[in-house]
Amino acid sequence: MFLKAYRGKIIFVFLTLLLAGYFLYPTFESNQFEKELKSLSGKDSSDYLDANEKAIRSAKSKKLKLGLDLQGGMRVVLEVDILKMLSELAQNKDDQFKLLYADIQKEASLSDESVLSIFKKQFENKKVRLSRYYGNLRESDEQIIDKLNSESEKAIDRAMEIVRNRVDQYGVSEPSIQKMGSRRIIVELPGVTKEDEVRQLLQGTAMLEFKLMKEPDIIYPTMEAIDKYLAGTTSVDSSKNISENKSTKKEVAKTLTPTSALEQVSPTQNIEGAENDLKLAKEHPFLFYARPNPQGTGDAYVSENDKERVSKILKREDVARLIPSDMEFYFSAKPAFIDNGLKYFSLYGLKKKAELTGSVIIDARATIDQDFNQPVVTMEMDGTGSREWARITGANVNKRMAIVLDDAVFSAPVIRGKITGGRSQIEGMENIDEARLLEIILKSGALPAPVEIMEQRSVGPSLGEDSILAGTNSTLIALLMIVLFMIIYYRTGGMVANIALVINTIFIFAVLAAFHGTLTLPGIAGIVLSIGMAVDANVLIYERIREELQSNKTVRAAIDEGYKKAFSAIFDSNITTLFSGIVLYQFGSGPIQGFALTLMMGVAANLFTAIVVTRLIFDLMTARGAKSINFG
């Protein structure tokens, strides 16, 4: 019958513990799955994974997350290239703008001053109005700077949003993505080990373009013109005439007189030790490194060793004059083939203007092509894109359409007929994981400006294990010392406080798991501090109870008065600590936020266990007829 008076409190505490167990169970379940998988190998492991895949994934997504310092991972500092974005926004770019841009770029690389401040200062120093390249003539420099500043802020926020979407879709548990300064973003990815994938994930601008390939009888004469100009046999003007004539692709290919396709594109070998190669390189300083495809399809092959050399040649201003104004050269994203251990990339001549861009893509999906058993990414276009795609493909049958992502050609298939329905696909991925990565980048959208990785740090799993062990040991030692002290000093009261202490710790971890928080080393420090504060509340209560017992009050009356008189001191100390935690969390970053988060959770748990749980236990003891309780 004595339970009736406390039924509500008992049910409340019981449900709270049940809820805590519910949130912590996935962590226990995930650990059990991991232990089982480690004990299995070969077919047994794959069979177990297949049979429990759904449960394993569910448990992993709900379990208590460990931070970068505990389980290892990557920390990357990204810088958004605001200057590049401003360059792309400019209109009517001339030689004067290029000089201004070069000066701004040089100063920005040496200064921490905001890009827009440098931008404005350089224009003022050169006495050039911003309206010449931005906005309209009626707008003042201040108005234009305000607009550009707004665009810059939007670019940073948009970049953060896109990076977060990509990371979430990639499947990283509890990543940390924060803005630092005016143009940098800090990304922390716990548990990530594939650095190359992460770099591609974060840096890929996702600028998707569909560009028609120029005809071979334009591409090859252009390459021949560049070759002859570099060899010194023609001037720029006469070379340009050569690039514009209709000499056939076969005549150009004969320059190298190959005996087979592989010989046509064979490695440059050792030029110093091969007289024939040395002679050929002098006679054909471009075609020796960019070798026309013997099939005459319009592309050329460049070895990985010569790729940078060819790129530099094509970027030269004098060479650029030889290239038709509506054409650009692009390399393939992946090697076309490997010969004698050397990778060869395709070089394509494409139209400058894109027929269609990735803005029309509404969905992307990584899958396996059933016909060729290779990974592909299928794309679905919106209504406008579907209509344009049908028109473009219908008007260019038997021509090659290059799919260009971030200035690299993923594939250049021949259009066999009009494509309706707005569907297309990207090929050229090595495996389904790479296709999945491309799917994520396309679905999350294009970055508003390029981003550069300024700093990258990796934390190995061994360091994480050592950190976990050190943090666990420190917590257990602190807990054990406090438990022993409370039992020795407060006897029965100490036992009750220890029960509350265990419940308090369970609640902290449960709340972390429930709100998908991340446990870090600073977070463990916050938990240890919370344990000490929890005991401090019990000490205040027990000392008050002792005072009341010394005035010959009954145990029940002493407990009532002890809790009543200690409440204000406990409440004040915990609330001030809670406010400190809020300030730390709001204005701190990284480790400080981790500490503040567990500290705030600990304060909330302290108030509940010290005032509700321990009081309920003492009330149940006195209700059962206990005449005395030993408080030391």
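Any value given below was found using the heavy atoms of this structure, including those in side chains, with hydrogens, waters and symmetry copies removed.
Between Asp536 atom CG and Ile531 atom CD1 the span is 13.5 Å, to the nearest 0.5 Å. Note: Glu380 CD to Ile362 CD1 = 4.5 Å, rounded to the nearest 0.5 Å. Atom CG of Leu549 is separated from atom OG1 of Thr554 by 8.5 Å, given to the nearest 0.5 angstrom. Taken from CD1 in Ile559 to OG1 in Thr622, the straight-line distance is 5.5 Å, to the nearest 0.5 Å. We find the CG-CD1 distance between Leu519 and Ile527 to be 5.0 Å, quoted to the nearest 0.5 Å. Distance check: Arg491 CZ to Met486 CE gives 12.5 Å after rounding to the nearest 0.5 Å.
Ring centroids of Tyr563 and Tyr542 are separated by 6.0 Å or more, keeping the two rings apart. Separation of the Tyr490 and Phe631 ring centroids does not fall under the 6.0 Å cut-off.
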task = With salt bridge (charged side-chain N to carboxylate O under 4.0 Å, His left out) as the test, would you mind laying out the steps for Arg624 and Asp619 before giving the verdict?
result = CA-CA 9 Å; Arg624 290 189 65 181; Asp619 285 344; over 6 Å; no

ask   = Step by step, would you call Met74 with Gln456 a side chain to side chain contact (heavy atoms under 4.5 Å, CB included)?
value = CA-CA 7 Å; Met74 287 180 63; Gln456 176 183 320; 3.6 Å; yes

key: Stepwise side chain to side chain contact (heavy atoms under 4.5 Å, CB included) test for Tyr489 and Val539   = CA-CA 10 Å; Tyr489 197 80; Val539 168; over 6 Å; no

query = Can Phe28 and Phe33 be said to form a ring pair (Phe, Tyr, Trp, His ring centres under 6.0 Å), step by step?
reply = CA-CA 9 Å; Phe28 170 78; Phe33 281 132; 9.9 Å; no

key: From CA spacing to verdict: side chain to side chain contact (heavy atoms under 4.5 Å, CB included), Val187, Leu78   = CA-CA 8 Å; Val187 183; Leu78 302 172; 4.0 Å; yes

query = Going through the checks in order, is the salt bridge (charged side-chain N to carboxylate O under 4.0 Å, His left out) test met by Glu455 and Arg457?
reply = CA-CA 7 Å; Glu455 179 187 340; Arg457 283 187 289 164; 3.0 Å; yes

query = Are Asn538 and Leu501 close enough, and set up right, to give a side chain to side chain contact (heavy atoms under 4.5 Å, CB included), and what steps lead you there?
reply = CA-CA 10 Å; Asn538 291 120; Leu501 194 61; over 6 Å; no

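Between the side chain of Asn498 and the backbone N or O of Gly494 there is at least one donor-acceptor pair closer than 3.5 Å. Remark: the backbone N or O of Lys84 is paired with a side-chain donor or acceptor of Asp81 at under 3.5 angstrom. In this structure a side-chain-to-backbone donor-acceptor pair under 3.5 Å is missing from Glu188 to Arg75. Side chain of Ser150 to main chain of Asp146: no donor-acceptor pair is present (N/O by atom type, distance under 3.5 Å, no hydrogens or angles). Put simply, the side chain of Thr609 gets close to the backbone of Ala605: a donor and an acceptor are under 3.5 Å apart. Remark: side-chain polar atoms of Asn574 are paired, donor with acceptor, to backbone N or O of Ile570 under 3.5 angstrom. Remark: side-chain polar atoms of Thr27 are paired, donor with acceptor, to backbone N or O of Leu64 under 3.5 angstrom. Between the side chain of Asn504 and the main chain of Asn606, a donor-acceptor pair closer than 3.5 Å is present.
Looking at Glu151 and Glu153, their side chains never come closer than 4.5 Å, going by heavy atoms from C-beta outward. Residues Val555 and Phe618 are not in side-chain contact: their nearest non-hydrogen atoms beyond the backbone lie 4.5 Å or more apart. Here the side chains of Lys565 and Glu548 are in contact, with some heavy-atom distance below 4.5 Å. The shortest side-chain heavy-atom distance between Phe119 and Leu83 falls under the 4.5 Å cut-off. Looking at heavy atoms from C-beta onward, Asp363 lies out of side-chain contact with Met379 at the 4.5 angstrom threshold. The side-chain heavy atoms of Gln178 and Ile185, taken from C-beta on, include no pair separated by under 4.5 Å. Side-chain atoms of Ile617 and Met621, non-hydrogen and from C-beta on, do get closer than 4.5 Å to each other. Looking at heavy atoms from C-beta onward, Ile508 lies in side-chain contact with Ser530 at the 4.5 angstrom threshold.
Heavy-atom minimum distance, Pro26 versus Lys62: CB-CB, 3.7 Å. Contact record, Met600 with Gly581: SD-C, 3.7 Å, taken as the closest heavy-atom pair. Nearest approach of Ala513 to Leu24, heavy atoms of both residues: CB-CD2, 4.4 Å. The two atoms that bring Thr598 and Gly526 nearest to each other are OG1-CA, 3.5 Å, heavy atoms only. Scanning both residues, Glu304 and Gly341, for their nearest heavy atoms gives OE2-O, 4.1 Å. Taking each heavy atom of Ala435 and Val377 in turn, the nearest pair found is O-CG2, 3.3 Å.
Using bins of under 30°, 30° to 60° and over 60° for the plane-to-plane angle, the ring pair Phe567/Phe571 lands in the parallel bin.
The environment of CZ in Arg365 is sparse: at most 12 heavy-atom neighbours from other residues, nucleotides or ligands sit within 6.0 Å. Around the CG atom of Asn373, the shell of radius 6.0 Å holds no more than 12 heavy atoms that belong to other residues, nucleotides or ligands. Other residues, nucleotides and ligands contribute over 12 non-hydrogen atoms within 6.0 Å of the CE atom of Met454. The neighbour count for Met160 CE, taken as heavy atoms of other residues, nucleotides or ligands under 6.0 Å away, is above 12. Atom NZ of Lys553 has more than 12 neighbouring heavy atoms from other residues, nucleotides or ligands inside a 6.0 Å radius.
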